[in-house]
Amino acid sequence: MKTPLFAFTLSMIMCLGARAELKWEQTAVELHPAATDKQAVGHFKYQNTGKTPVHFKSVHASCGCTTAQSQKEEVPPGDKGEITATFNIGDRTGTQVKTVTVETDEATNQKTVLTLKAEIPQQLEIAPNFVFWKQGEKADTKTINVKVGKDFTVKHIKVTSSTPDFQAKVEEAGNGRFKIDVKPQDTNKVVASMLTIQPEDSQKVFYATARITNAPTAPVAPTGPTAPARPTAPTGQTH
Amino acid sequence: MARQTAVVAALALLPAAGEAIYFRDKISWRSPIAPSEMVTVEQARGWSDTAIWVDARPDDEFANDHVPGAISLNEDRWNELLPQFLAVWAPGKKIVVYCSSLSCNASREVARRLRKEAQLSDVFVLEGGWEAWLKKNR
């Protein structure tokens, strides 16, 4: 029993010593992009601490919003490099976790998952960002709640409706909160309006939608002559 | 011989067990949403005209092909696309959100935001996504 076990252990130790090995400086990166940033870029550094070259077989991101690039296809022994992961923020908010899977020809540990975590700051949290009334329903006021995100200071907000069919009135609720009371002129016709919400002294613009909906059996088609009214976007808007 | 095999198997299980404990919250196939908020292709097709199909994939994939009548709503252009979706939504409609495949996460995120931000109900994620729809329809 002792001899085979010793031989097994010895062969394992010898294999470990001779193998090619990519040592990662870190496999998880946390980023804190600014509110205006379009991208968040993570750098994952590595070094081949083995005695044979390592080849990258594939570098694959978990979603279409992230791209990943390796500087080289082959990493000679002792050589260093990095995988660059670029996360396109788009209109995403909050905590975002994206992964990049790296496959190599190493004898062991061929697959490494690199994690990119980005905390995307949100100046305003708006809920609901959609208020609606059924056609013919009583034209009561509905409220949109706005909360200022942590690390931001917003003392006033300005709300503009893209059509005169809805009136929007802002009320400061204190403690970084606002209430937007939305009221339709009437609910006789199917109309929609885009509400533009802009913090004072800020270029960033937020949106909400107000709409009078038709009957529940409305057509599904997104376009065409039978499609219900779309909200009219205010001119010169930015996203 | 059997004893040696058992010893080797036990040695191999140790790192596996350690990894399973360490990554218990990061299992990729674990769905962050309740099973009641998932829907199969067959169930969703059964809803017929009462369902709105929402494509959460990037613009280029939507442009390449999509479920007939589906509306594009992805997080790359959420602020621009959401009003277009809301323009066709109607009370009583069921919303079926899909992304590329079983492993993608975009549909879950879009469904979550529709529930939380727009406060819509009857929002479902399509099991298996676009790949599953293709399999059943082509």
Side-chain angles (χ1 to χ4, degrees), chain A residues 1 4-5 8-9 12 62-65 88-94 96-99 101 113 115 125-134 137 144 162 190 192-195 205-211 213-223 227-233 237-239, chain B residues 1 3-5 7-8 11 15 23 26 28 47-62 68-93 99-100 103-106 109-110 112-120:
Chain A
M1 172 66 192
L5 197 60
F8 171 76
T9 312
M12 288 296 288
S62 61
C63 82
C65 56
N88 293 305
I89 296 169
D91 290 332
R92 290 168 185 81
T93 58
Q96 297 287 325
V97 180
K98 307 297 168 193
T99 59
T101 305
V113 177
T115 306
E125 287 175 32
I126 300 164
N129 58 14
F130 176 50
V131 284
F132 70 94
W133 294 256
K134 289 178 191 168
E137 183 184 330
I144 294 172
S162 63
V190 175
S193 178
M194 186 178 279
L195 305 175
V205 178
F206 299 82
Y207 300 98
T209 301
R211 192 179 148 209
T213 67
N214 50 11
T217 51
V220 178
T223 56
R230 288 166 187 267
T232 312
Q237 63 176 305
T238 54
H239 294 285
Chain B
M1 182 64 186
R3 194 174 166 186
Q4 288 174 9
T5 309
V7 170
V8 171
L11 282 172
F23 290 110
K26 298 171 185 172
S28 61
W47 293 338
S48 190
D49 287 347
T50 58
I52 302 178
W53 291 75
V54 171
D55 192 317
R57 299 176 302 160
D59 290 343
D60 55 342
E61 290 181 40
F62 177 79
I71 295 158
S72 177
L73 178 58
N74 58 56
E75 288 197 285
D76 292 330
R77 295 192 298 130
W78 177 265
N79 295 338
E80 188 183 337
L81 297 174
L82 180 65
Q84 294 176 22
F85 163 76
L86 293 173
V88 299
W89 174 87
K93 289 280 186 187
C99 52
S100 306
S103 59
C104 66
N105 200 45
E109 276 302 300
V110 166
R112 185 190 63 79
R113 291 184 75 171
L114 285 175
R115 286 191 207 100
K116 191 187 169 195
E117 296 176 21
Q119 295 187 359
L120 296 177

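A, B, ... follow the sequence lines: proteins, then strands. Residue 1 opens every chain.
Using a 4.5 Å cut-off between heavy atoms, A/Thr93 touches chain B through backbone and side chain atoms alike. Heavy-atom distances place both the backbone and the side chain of B/Ala118 under 4.5 Å from chain A. With a 4.5 angstrom heavy-atom cutoff, A/Phe132 touches chain B only via side-chain atoms.
B/Arg112 and B/Glu109 get closest at one heavy-atom pair: NH2-OE1, 3.1 Å. Counting all heavy atoms, side chain and backbone alike, B/Ile52 lies closest to B/Ala90 at CD1-N, 4.4 Å. The shortest heavy-atom contact between B/Ser72 and B/Asp59 is OG-OD1, 4.0 Å.
Between chain A and the options B/Lys116, B/Arg77, B/Glu75, B/Arg57, heavy-atom pairs under 4.5 Å are most frequent for B/Glu75.
Partners of A/Glu125 under the salt bridge (charged side-chain N to carboxylate O under 4.0 Å, His left out) rule, at least two apart in sequence or in another chain, do not exist in this structure.
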